Protein chains: 4
Amino acid sequence: MLDATLALAAEAGPAGLSMEAIARRAGVSKETLYRWWPSKIEVILAAMVEHGQVSIPLPDSGSLPGDLRAFLRSTIDALDGTTALLLRAVAAAAATDQAVADDVRDRFLRTRRAALGTLLDRAVARGEIPDEHTTPLVDFVYGSLWYRLIFGIGRLDHRWADETATAITAITATRQPPERPPLPPLPPD
Amino acid sequence: MLDATLALAAEAGPAGLSMEAIARRAGVSKETLYRWWPSKIEVILAAMVEHGQVSIPLPDSGSLPGDLRAFLRSTIDALDGTTALLLRAVAAAAATDQAVADDVRDRFLRTRRAALGTLLDRAVARGEIPDEHTTPLVDFVYGSLWYRLIFGIGRLDHRWADETATAITAITATRQPPERPPLPPLPPD
Amino acid sequence: MLDATLALAAEAGPAGLSMEAIARRAGVSKETLYRWWPSKIEVILAAMVEHGQVSIPLPDSGSLPGDLRAFLRSTIDALDGTTALLLRAVAAAAATDQAVADDVRDRFLRTRRAALGTLLDRAVARGEIPDEHTTPLVDFVYGSLWYRLIFGIGRLDHRWADETATAITAITATRQPPERPPLPPLPPD
Amino acid sequence: MLDATLALAAEAGPAGLSMEAIARRAGVSKETLYRWWPSKIEVILAAMVEHGQVSIPLPDSGSLPGDLRAFLRSTIDALDGTTALLLRAVAAAAATDQAVADDVRDRFLRTRRAALGTLLDRAVARGEIPDEHTTPLVDFVYGSLWYRLIFGIGRLDHRWADETATAITAITATRQPPERPPLPPLPPD
DNA sequence: ATGTAACCGAGACGGTACGTCGCGTCTTTGT
DNA sequence: ACAAAGACGCGACGTACCGTCTCGGTTACAT
């Protein structure tokens, strides 16, 4: 059934990933599908895990720039065409339904954010970046990725990985920000 | 009709934004809806423009940090609940259908990216950031925004705007990266 | 406009004869169409008159068999492909809507029935058929015609005309029905 | 579902017999309707069979006049108001669409024609009518019926049945047509 | 060896939405 | 003034999925 999901994703794209189509393709009744997974999003997430292109090795080169570059390249390597289409289906479901979004966030994105967080925490420990930047940086990395994936902006290849890693790590150098002028006094919120 | 779309978005969320529902709500026939806009995505984009929460003033404080902070705060200010739901509907449509994604990218995201690009180009001109970082930085900003919006990660408030602006502009300070260790020799692609 | 109706009937058949299509084809607005004729059925009837294949010459050969044969052959001659399709459209409209049926009956069928009635009345005057048979005979002729036309039963050609005329006029010979056995006592109604 | 069809036919007439309306009335989804019958005409035909007013007993009184009268009276008896409206809907569909006409002819009219044909064949065997008249006579009977039904000409009651039977069987008497004058020499076709 | 339960395919079901077509009415625009 | 152009509310078309449900049939285990 997950194989059928993968095949369908590859062939028909996110729009073709209906429960009906998956069941048909798998030679399985819809009932069975629902017996195993409660919803489409669960099927897709399971298929992604099955597809295996998911776990990213945590590099440890000793400094953030190298770690980031390796991490991003691995991430991109795992992002084959089928995975990309599955991710788009996930995004569509999450964007449509808040409950799905919550679920995806807590059960899928969370681990990925944690992995990158670990990398950044090490950099914080090494004094490469300030602690309060870890969350924005995680957002920068995954945000860029999803953003480009969903809207089809540019390619997601090693070049992108390197440029992104470089841009992120430009922050590295700036341990003691030399007398930044105070920001204009905006109201807090 | 666009009013109805806005109202529906606010009440029923992205999932409730069907052409039928919009037509029903607007007291209009589906035919009429399709006569004016060729597809749901166009209706939604039109509704967003109508809603007006769209054009962000380009700040010019003389330095990137202030500009960014102001720009992000304005962006967040424009992102009221209804707009957020509309954007999620847009994301869902784009994620589902590549053609929609292309359309949204070229007709909607483009202008927003250009606006932020202008801000960053000024910063490049002032020597605050290197030119090659502009594209990643645009991705960082809008990527974070969509990412958090779609998956419901945290709040999108002034606090987020400030933190994000700060993290981005941390790059500012790093004009001459002091002796970064050479990256490990990864294969180029 | 009537030309367009004829052309459409010939090309698209009864199903294609919509007011929209006629207007489009005639390069005319629907409004104009409705200004001239109050309904589709009127347009069709008008088109049939325009097409001219409508008036049947009343033969007068001196005896019913010859008259009938000539009349039916003329009728068939007038029934070209386009006319047949128009008649089917008329039948469809009449079958669907009682008001249309009434209209068609009183304004279209009536004159045709009257023509054939005249023929038969002459036969009655000549003593060829009893008076009370005229109405059924008219029904037989036009009934057969419409029946075969609507349901596509067999061909409507001279052969049919002759066979039908012959069958009808077989009644001719039977002036004094020789000792018909009394009918079984059915309840009157 | 067929009950709903019958009820709708009785209440709303041929024009009200839409698939939507039938489904609504039956408390059934359109999908289900289409799952059982491929088209509206099939639903209607099925409803008529369900309604049961369809099978006409073949009388056998020993002579054509009695047989015909009984057959026509039975036919009329079966033609209640609802059946009449359904038949009009059938006629409308057949008149509109040649494919429907073919279908109705081959699957519905055929058996009725065959029944009457049997009656007439017996009469042929008894020497009451010539063989070549059977087809026209069948047309006369059913043609009259549909013709009057569709266009609302007169009543279809026992009186009509008797008059029609009488007119048809007037042919009976004419075994040896006494010296009919030769028909004028019309071109064969 | 047989009874029984679990599971499955198949697909029907009531719904909702899709995008299109035709209806008859109405308004705008231009001649 | 009248006509083209076409927008409008309406309702039906036939199709696709949704998630639920009820069927038989077939395993495979327990008796």
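Note that the structure is a prediction, hence the values are computed from the model and not measured. Naming convention: chains lettered A, B, ... in sequence-line order (proteins, then strands); numbering from 1 in each chain.
- Between E:dG11 and D:Arg35, no contact under 4.0 Å exists linking OP1 or OP2 to a side-chain N or O.
- Considering only heavy atoms from C-beta on, B:Trp146 comes within 4.5 Å of B:Leu87 through its side chain.
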Pairs of donor and acceptor atoms involving the side chains of residues 10-19 of chain C, under 3.5 Å and at least two apart or interchain, shall be tabulated with distances.
from    : atom 1 : to      : atom 2 : distance (Å)
C:Glu11 : OE1    : C:Arg25 : NH1    : 3.0
C:Glu11 : OE2    : C:Arg25 : NH2    : 2.8
C:Ser18 : OG     : C:Ala21 : N      : 3.0

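- Contact annotation: side chain of B:Glu31 to base of E:dC21, donor-acceptor pair present below 3.5 Å.
- Annotation: side chain of D:Val90 is not in contact with side chain of D:Leu86 (no heavy-atom distance under 4.5 Å).
- Nucleic acid contact for A:Ser29: base, since at least one base atom lies under 4.0 Å from a heavy atom of the residue.
- You'll find the side chain of B:Glu50 stays beyond 4.5 Å of the side chain of B:Met1, heavy atoms only.
- Using a distance-only test at 3.5 Å, with no hydrogens or angles considered, a donor-acceptor pair links the side chain of B:Arg88 to the main chain of A:Ala94.
- D:Glu20 places its CD atom 13 Å from the C1' atom of E:dC21, with the value rounded to the nearest Å.
- Rounded to whole Å, atom C1' of E:dG22 lies 14 Å from atom CG of C:Leu8.
- Counting only heavy atoms from C-beta on, C:Tyr34 has its side chain closest to E:dG24 among E:dG11, E:dG24, E:dG19.
- A:Trp36 places its CH2 atom 10 Å from the P atom of E:dC7, with the value rounded to the nearest Å.
- Not a single donor-acceptor pair under 3.5 Å links the side chain of D:Arg148 to the backbone N or O of D:Leu156.
- Dashed line: the shortest gap from a side-chain N or O of D:Arg24 to OP1 or OP2 of E:dG14 is not under 4.0 Å.
- At the heavy-atom level, C:Lys40 lies under 4.0 Å from the strands shown only through sugar-phosphate atoms.
- Distance, B:Ile22 CD1 to E:dC18 C1': 13 Å, rounded to whole Å.
- The environment of CZ in A:Arg35 is crowded: more than 12 heavy-atom neighbours from other residues, nucleotides or ligands sit within 6.0 Å.
- Look at NZ on B:Lys30: it is 7 Å from P on E:dC18, rounded to the nearest Å.
- Protein chain D contacts DNA chain F from F:dA12 to F:dC17, reading 5' to 3' and using non-hydrogen atoms of the protein with a distance under 4.0 Å.
- If C:Ala21 and B:Ala21 are placed on DNA chain E by their nearest nucleotide, the residue sitting closer to the 5' end is B:Ala21.
- Residue-to-nucleotide proximity on DNA chain E shows that, of B:Leu17 and D:Val28, the 5′-proximal contact is made by D:Val28.
- In terms of position on DNA chain F, the residue among C:Gly27 and A:Ser39 whose nearest nucleotide sits closer to the 5' end is C:Gly27.
- A:Met1 has its CE atom 10 Å from the C1' atom of E:dC8, to the nearest Å.
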